[in-house]
Student: 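Once you've had a glance at the structure underneath, I'll fire off some questions.
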2 protein chains.
Amino acid sequence: MPDSLDSPTTARTQTNRARRNTGRTVLSDVAKLAGVSTATVSRVYNEPDKVSANVRERVEQAALALNWFPNAAGRALASTRSHIAGIIIPTLDDQVFASQVSGMQAAFAARGITLVLGCSNYDPAQALVQVRAMLARGVEAMAVVGEAHPPELFDALRLYRVPYAVTYAYRGDSPHTCIGFDNHAAYVEIAEHLIGLGHRSFAVCIQPTRDNDRVQARVAGIRATLERHGLAVRPEHMLEGESTIGFGRRCLRAIWQAPGERPSAIICGNDHIAIGVLREAEDLGIAIPDELSVTGFDDLEIAKELRPALTTMRVDTYEIGRLTAQHLLDVLDGKHPRHEHAGHEVHAELQLRQSTGPCRR
Amino acid sequence: MPDSLDSPTTARTQTNRARRNTGRTVLSDVAKLAGVSTATVSRVYNEPDKVSANVRERVEQAALALNWFPNAAGRALASTRSHIAGIIIPTLDDQVFASQVSGMQAAFAARGITLVLGCSNYDPAQALVQVRAMLARGVEAMAVVGEAHPPELFDALRLYRVPYAVTYAYRGDSPHTCIGFDNHAAYVEIAEHLIGLGHRSFAVCIQPTRDNDRVQARVAGIRATLERHGLAVRPEHMLEGESTIGFGRRCLRAIWQAPGERPSAIICGNDHIAIGVLREAEDLGIAIPDELSVTGFDDLEIAKELRPALTTMRVDTYEIGRLTAQHLLDVLDGKHPRHEHAGHEVHAELQLRQSTGPCRR
DNA sequence: TTGTATGCGTTATCAT
DNA sequence: ATGATAACGCATACAA
């Protein structure tokens with residue numbers, strides 16, 4: 001292979017192909033400046049103990065001078081570790097998911113892992129697409145909210161041996177590792193509280209149940225509890241709609257205008273809806289809690305400031321995020337098998353306030 | 001170089017080095033199964049038009065059968081495009097930033113770009129660290145909230161020629177591309193509104209101004225307006241603290257207990273603080289707005305449901321996110337120069353409600 | 001239209 | 001402790 005001198009394009013490279021020059025500073029530039037091999041530069045950042053102090057110093061100086069830091073794609077390719085984790089949530093518009101992301105992000109960042117976020121908008125198909133995109137990115141761990149997802153989603157996670165956790169919801173007999181609270185039990189507690197106060201006629205105003213196992217579990221918890229007491233929710237008192245104050249308002253108006261006996265208690269799917277019910281009650285001149293008891297869920301900061309203050313349940317969603325990240329890190333560290341059936345249950349705490357009281361019927 | 005038959009380790013590879021086997025399905029596996037070259041498989045996913053229909057079909061079948069999709073690290077390295085964008089926000093706990101992230105995420109996802117999120121917790125040093133981490137990941141574009149960041153942050157972005165935008169805040173004479181609203185002007189508008197109602201004595205309850213150009217601009221807007229009218233805020237009526245209902249409550253108590261003339265209007269840094277002021281006013285028996293006018297900022301869903309309903313300003317933060325992503329995509333598409341001084345101003349709209357009224361002094 | 005042969009920036013293996 | 005160099009998985013210039 002003659003290295004012909006009359007070929008200017010071969011002057012700087014060993015082949016006759018043009019080198020794709022990206023212009024950026026790379027590890028070998030640092031190695032050259034520091035007068036060491038590329039392997040040594042790499043060691044300085046990955047196994048610093050294996051490098052003598054003065055060489056390490058030289059390399060760090062060179063890196064600083066050239067303003068170099070390792071390229072993540074190169075690292076990922078060579079080490080088969082991406083240092084990326086993913087989370088799929090329904091929406092960022094809900095404070096509970098936002099704070100869960102916040103908790104995970106902080107815990108992962110402390111270990112040098114970047115969290116990539118995906119929103120499914122409550123659509124299982126979007127969730128599946130997002131998970132596939134994250135697998136392509138080489139996520140090392142994943143979290144998904146709830147377990148109402150296509151089986152292909154969990155299949156893909158298993159196939160690629162990516163440790164994952166189902167968050168927000170906790171179910172003892174789930175096939176997945178769950179980190180969250182028991183939605184069913186939480187609403188059993190709410191229903192029992194109201195029944196204990198003497199209520200016998202209930203309405204339920206709740207978010208869409210479709211594709212949402214958490215909300216389904218809540219409704220089931222209410223139904224099971226009432227049934228145990230020989231009670232039931234009349235179909236016209238079971239309202240499903242968006243998670244807004246406006247929907248709560250519309251619910252109460254519909255319930256109050258409906259023919260037949262009015263409920264003495266309304267169980268809401270969350271605080272937004274409950275606030276709407278409370279506000280509409282004021283407009284309609286309904287006395288809370290004497291004429292009607294109302295419960296929410298989430299314990300937003302505003303809940304205790306309302307008049308009457310809202311009885312609701314508090315869940316530490318930031319903690320759910322933190323615990324989830326911690327669990328996944330433990331799996332990555334080999335402290336648990338990849339797809340062991342583990343999990344943490346976080347408790348929802350009933351906050352008794354003024355919006356619920358004894359039934360006056 | 002004799003290919004000795006008695007060397008079993010060389011049977012499958014062309015060298016005498018052990019191949020690092022990661023066990024995953026790769027592009028060449030698909031090529032082999034489809035009976036085509038690796039280049040053709042790559043083309044099927046990157047330049048499908050350049051591949052004949054039946055070959056494309058074969059490749060897609062093979063990929064499906066092997067459950068293969070391209071590895072992002074490999075793509076990034078080979079194409080020097082990461083398909084990643086980043087955003088640094090102060091915190092996810094604030095709805096306005098959460099919805100901005102939401103808007104960006106949706107717009108980027110529609111173009112196959114993954115959004116990576118970083119939270120600075122209002123700490124410039126953390127923001128810098130996060131930006132560097134994102135540059136290492138090869139982000140193709142970045143958004144940061146506000147411009148109160150270390151110069152090194154913007155230097156790094158420029159050095160790596162990464163298009164970026166400053167969001168949430170908009171300032172005509174900023175050296176950066178800004179997408180947001182004019183915090184100064186917004187608070188001028190609030191102050192003018194109150195002055196127009198006859199108010200002359202003001203208190204201000206606002207978030208920490210340190211390292212926060214948005215809040216500083218708001219305070220400056222208030223001060224400038226009052227000064228233009230020959231007025232000023234007394235030091236004991238300028239309170240700075242956390243963005244919570246509790247802080248708002250403490251503010252009003254402190255203001256009401258302070259010696260000297262009481263203000264007839266309180267301008268708050270956001271709705272949370274304003275809600276606290278309103279709640280505390282009710283507890284103290286202060287008539288709103290007759291005895292005291294109160295303003296917020298953000299127009300949370302709850303603002304119009306309060307009694308009295310809160311006068312505040314509305315900003316479409318989801319739209320800010322969407323516009324930011326769109327602008328950055330345009331830059332990536334070459335529609336604008338990389339570091340052109342461009343931007344979009346989004347308008348904050350005053351929502352006049354019951355918490356402000358004529359001064360009765 | 002399709003195949004061949006590198007190179008992208010880093011890490012890991014082996015040798016020294 | 002340090003150096004030389006082959007992977008890592010994919011995209012692309014160039015040849016055919």
Side-chain angles (χ1 to χ4, degrees), chain A residues 1 9-10 12-32 34-56 58-59 63 66 68-83 136-138, chain B residues 9-10 12-32 34-56 58-59 63 66 68-83 135-138:
Chain A
M1 190 215 274
T9 62
T10 64
R12 289 178 52 233
T13 62
Q14 53 189 347
T15 75
N16 59 351
R17 297 294 186 106
R19 186 179 194 275
R20 295 183 227 160
N21 188 359
T22 61
R24 57 182 145 195
T25 305
V26 295
L27 184 145
S28 59
D29 297 331
V30 176
K32 196 177 299 171
V36 298
S37 69
T38 60
T40 297
V41 175
S42 178
R43 282 188 205 103
V44 167
Y45 293 87
N46 297 301
E47 307 165 294
D49 298 340
K50 295 191 174 177
V51 180
S52 68
N54 72 54
V55 169
R56 196 189 315 150
R58 273 212 326 270
V59 169
L66 296 176
W68 172 87
F69 40 74
N71 171 291
R75 297 189 74 176
L77 204 51
S79 67
T80 64
R81 282 212 53 187
S82 66
H83 298 274
R137 292 228 170 268
Chain B
T9 63
T10 63
R12 288 177 54 234
T13 62
Q14 54 186 347
T15 75
N16 59 353
R17 296 295 186 107
R19 184 177 195 275
R20 294 184 226 159
N21 188 359
T22 62
R24 56 181 148 195
T25 305
V26 296
L27 185 144
S28 59
D29 297 329
V30 175
K32 196 177 301 172
V36 299
S37 71
T38 59
T40 298
V41 175
S42 178
R43 283 189 204 102
V44 167
Y45 292 87
N46 297 301
E47 307 166 293
D49 299 339
K50 294 190 175 177
V51 179
S52 68
N54 72 53
V55 170
R56 196 190 314 149
R58 276 216 319 275
V59 169
L66 296 176
W68 173 86
F69 38 74
N71 171 291
R75 298 188 72 174
L77 205 50
S79 67
T80 62
R81 283 211 52 187
S82 66
H83 298 274
L135 288 172
R137 293 228 169 267

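Just so it is clear: chains get the letters A, B, ... in the order the sequence lines come, proteins before strands, and each one is counted from 1. Basis for what follows: all heavy atoms, side chains included, without hydrogens, waters or symmetry-related copies. Given the structure is predicted, the values throughout are model-derived calculations rather than measurements.
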Student: Classify B/V36 by what it touches in the nucleic acid, base, sugar-phosphate, or nothing, heavy-atom distance under 4.0 Å.
Tutor: sugar-phosphate
Student: Does the side chain of A/R75 get closer than 4.0 angstrom to OP1 or OP2 of C/dT11 through an N or O atom?
Tutor: yes
Student: I need the CZ-P distance between B/R56 and C/dT2, as an integer number of Å.
Tutor: 10 Å
Student: Whole-Å distance between D/dG9 C1' and B/L77 CG?
Tutor: 9 Å
Student: Suppose the criterion is salt bridge (charged side-chain N to carboxylate O under 4.0 Å, His left out): which pairs have a residue in residues 69-81 of chain B, not counting sequence neighbours?
Tutor: B/R81-B/E140
Student: Which residues satisfy the side chain to side chain donor-acceptor pair (under 3.5 Å) test with B/R24, sequence neighbours excluded?
Tutor: none
Student: Measure the distance from CG on A/L27 to P on D/dT2 and round it to the nearest whole Å.
Tutor: 15 Å
Student: Just the rounded figure in Å: distance from P of D/dG3 to NZ of A/K32.
Tutor: 15 Å
Student: First locate atom CZ of A/F69, then atom OG1 of A/T25, and finally report the distance between them rounded to the nearest 0.5 Å.
Tutor: 9.5 Å
Student: Grab the NE2-P distance between B/H83 and D/dC10 for me, whole Å please.
Tutor: 13 Å
Student: Just to verify, what does B/K50 make a side chain to side chain donor-acceptor pair (under 3.5 Å) with, not counting sequence neighbours?
Tutor: B/E47
Student: Using the side-chain contact (heavy atoms from CB on, under 4.5 Å) criterion, which residues pair with A/D49? Sequence neighbours excluded.
Tutor: none
Student: Check every atom of C/dT2, C/dT4, D/dC10 against the side chain of B/T38 and return the nucleotide holding the closest atom.
Tutor: C/dT4
Student: By nearest atom, which of the nucleotides D/dG9, D/dA11, D/dG3 is closest to the B/V26 side chain?
Tutor: D/dG9
Student: Could you tell me if the side chain of B/N71 sits less than 4.5 Å from the side chain of B/V26, heavy atoms only?
Tutor: no
Student: Give one of base, sugar-phosphate or nothing for B/S42, where a contact means two heavy atoms less than 4.0 Å apart.
Tutor: base
Student: Measure from CH2 on B/W68 to C1' on D/dG9 and round the result to the nearest Å.
Tutor: 9 Å
Student: List for me each residue that meets side-chain contact (heavy atoms from CB on, under 4.5 Å) alongside A/A39, sequence neighbours excluded, and say none if there are none.
Tutor: A/S37, A/R43
Student: Look at the side chain of A/R56 and the backbone N and O of A/V51, then say whether any donor-acceptor pair between them is shorter than 3.5 Å.
Tutor: yes
Student: With the threshold set at under 4.0 Å for non-hydrogen atoms, list the residues of residues 46-54 of chain A touching DNA chain D in residue-number order.
Tutor: A/K50, A/V51, A/S52
Student: Can you name the side-chain contact (heavy atoms from CB on, under 4.5 Å) partners of B/R58, sequence neighbours left out?
Tutor: B/V36, B/N54, B/V55
Student: Which nucleotide in the list C/dG3, C/dA12, C/dC8 gets nearest to the side chain of A/A39?
Tutor: C/dA12
Student: Remember a base hit wins even if backbone is also touched, and classify A/R43 as base, sugar-phosphate or nothing at under 4.0 Å, heavy atoms.
Tutor: base
Student: Nearest-nucleotide wise, let me know which of B/G35 and B/T80 is further upstream toward the 5' end of DNA chain C.
Tutor: B/G35
Student: Rounded to 10°, tell me the angle between the two end axes of the helix from C/dT1-D/dA16 to C/dT16-D/dA1, each built from five pairs.
Tutor: 30°
Student: Mind checking what makes side chain to side chain donor-acceptor pair (under 3.5 Å) contact with B/S42, not counting sequence neighbours?
Tutor: B/N46
Student: Checking contacts here: which listed nucleotide (C/dC8, C/dG3, D/dT5) is nearest the side-chain heavy atoms of B/S37?
Tutor: C/dG3
Student: Rounded to whole Å, please give me the gap between CZ in B/R137 and C1' in C/dT10.
Tutor: 14 Å
Student: Expressed as a whole number of angstroms, how long is the span from B/R24:CZ to D/dA7:P?
Tutor: 16 Å
Student: Under 4.0 Å: is that the gap between some side-chain N or O of A/S79 and OP1 or OP2 of C/dT10?
Tutor: no
